[in-house]
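Since the model is a prediction, treat every value here as computed from it, not as a measurement. The chains referred to below are lettered A, B, ... by the order of the sequence lines, with proteins before strands, and numbering in each begins at 1.
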There are 2 protein chains.
Amino acid sequence: MSENRVQMVVQESTPTLIARQLRRLIGQGQLAPGERLNEVELSQDFGVSRGPFREAVQRLTQQGLLVSIRNKGVFVVELTPEDVRDVYIGRTALERYAAELIIERGSPAEAGEKLLEAADEMELAGKQDDLDALVESDITFHSLLVSLANSPRLRQMHSTLMIETRMSMTLEAQSGTQIFRAEDHRDIARAISDKDRSRADQLLAEHLDYSDFMIDSAS
Amino acid sequence: MSENRVQMVVQESTPTLIARQLRRLIGQGQLAPGERLNEVELSQDFGVSRGPFREAVQRLTQQGLLVSIRNKGVFVVELTPEDVRDVYIGRTALERYAAELIIERGSPAEAGEKLLEAADEMELAGKQDDLDALVESDITFHSLLVSLANSPRLRQMHSTLMIETRMSMTLEAQSGTQIFRAEDHRDIARAISDKDRSRADQLLAEHLDYSDFMIDSAS
DNA sequence: CGATTGAATACTGTTTACAATTCTACGGGA
DNA sequence: TCCCGTAGAATTGTAAACAGTATTCAATCG
């Protein structure tokens, strides 16, 4: 047996690579909600045939980012207000427990440090009125929070929800109804540093309470 | 436009149907952990060509139930003790918040009723020493709990975790280290009926604490 | 006898071809 | 003018063919 000096090449599958790009396109709104994905056109763009492309599509369909209608095609999901509410429900479940895990089984001091940095970044974006950076840093903060809990499944589930969050933010950006609260992030980071579980829990619950910051566009 | 008296026929895609069967096979252990899925063989069993089958495989891969290694094939995931711990972390996040949602925004009385029935079923299976029924009723209880929270995303995320739970239980069944606590379920149901949020929360946390009931098979 | 090379085989990854369905646009008729 | 109905095009769903990689096993060499 040869020694461990070389690293095994990890070859990601073509569908995985395509799926990643599709997620990015959807998250950034370059594939708009409701839009149909033309298989021949897109697969040509990616430089592959329809087979691998269709396999990638199945991955996003499983995630709920695409919706497939038989013989009609696949469409970028259109998030209803109900859906957005549900996304925040999912995030609340995951992020609150992530904070608890960090405090009780992780490294709350280090974690709080990193989270504060992320909060600073958001504050900066806010002062510069950079909406894109604001969205990005908001997502970064929450993703970091979950990552710091060190649970692959929490992170995986959360990542899908964050793509949907980004989608809903892109929508809101058009109507200018976005709300960011950088101070919240700072408070959350501090509560984690302080190992104050119930405070972190409550802050996150409030921060993610959809009804709290959405003047519902009634259906 | 015609009236709403008829229901649109929902034609599920072939990959969806195949994926569902594969999940069942994996959950029941008929596709064993670590086993390689032979594309030609299995697609013939399903009566389709490799294309639709491969698309189905991508769905399970996205869920983490299959692991793909390039040019080697796809394998049923092998859950390490670490993985099982992580599954329970995920479940804890989801189920605790599900209970909270039921109590604070749902119908705790009705929910408690249904959960009690499910707990009874498990008690019965326990008295009859029916291990399969015990596993099944355990999963039914927890799935019901999440379903009653009325959140599609909570339910979807949870369903994947429950397949993994079933896998780990099938493993444990061989070593006879399974532990079921029917009384826990009854207590949880009652706490929900009583709208006692903090008690339901704590009971679920304890019930799902992996370290609590697993004498770790050290790595 | 053990290790190694190489051909044959089996399987996965991808492309291409075919079938079936849906969409579009044009034309006829009331 | 409006409403169908139909022919053609476009698109999806499926199957088959092709290409490349890994596995197996026997033969060869040290």
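Closest of all the heavy-atom pairs between A/Ile89 and B/Ser151 is CG2-OG, 3.9 Å.
By the ring pair (Phe, Tyr, Trp, His ring centres under 6.0 Å) test, B/His185 is found to be paired with B/Phe141, B/His142, B/His207, residues two or more places apart in sequence or in another chain being considered. The side chain to side chain contact (heavy atoms under 4.5 Å, CB included) search around A/Ser13 returns A/Pro15, A/Thr16, not counting sequence neighbours. Residues forming a salt bridge (Lys or Arg N to Asp or Glu O under 4.0 Å) with A/Arg20 (at least two apart in sequence, or on another chain): A/Glu12. With sequence neighbours excluded, the residues satisfying salt bridge (Lys or Arg N to Asp or Glu O under 4.0 Å) with A/Arg54 are A/Glu39, B/Glu55. For B/Asp83, the side chain to side chain contact (heavy atoms under 4.5 Å, CB included) partners at least two apart in sequence or on another chain are A/Arg153, B/Leu79, B/Thr80. For A/Asp45, the salt bridge (Lys or Arg N to Asp or Glu O under 4.0 Å) test picks out no residue, with sequence neighbours left out. In terms of the side chain to side chain contact (heavy atoms under 4.5 Å, CB included) criterion, residue partners of B/Ala189 (sequence neighbours excluded) are, by chain and number, B/Leu115, B/Leu116. For A/Glu113, there are no salt bridge (Lys or Arg N to Asp or Glu O under 4.0 Å) partners two or more places apart in sequence or in a different chain.
Salt bridge annotation for A/Glu117-A/Lys114: absent, with no cationic side-chain nitrogen under 4.0 angstrom from a carboxylate oxygen. No salt bridge links A/Glu206 with A/Arg181; every basic N to acidic carboxylate O contact stays at or beyond 4.0 Å.
Contacts between residues 12-25 of chain A and DNA chain C, defined by a heavy-atom separation under 4.0 Å, are made by A/Thr14. Residues of residues 44-65 of chain B having a heavy atom closer than 4.0 Å to DNA chain C, listed by number: B/Arg50, B/Arg54.
Taking every nucleotide of DNA chain D with any atom under 4.0 Å from a non-hydrogen atom of chain B, the first and last of them, 5' to 3', are D/dT14 to D/dT23.
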Scan nucleotides 5-11 of chain C nucleotide by nucleotide, 5' to 3', and note B when protein non-hydrogen atoms come under 4.0 Å of the base, S if they reach only the sugar-phosphate, - if neither.
------S
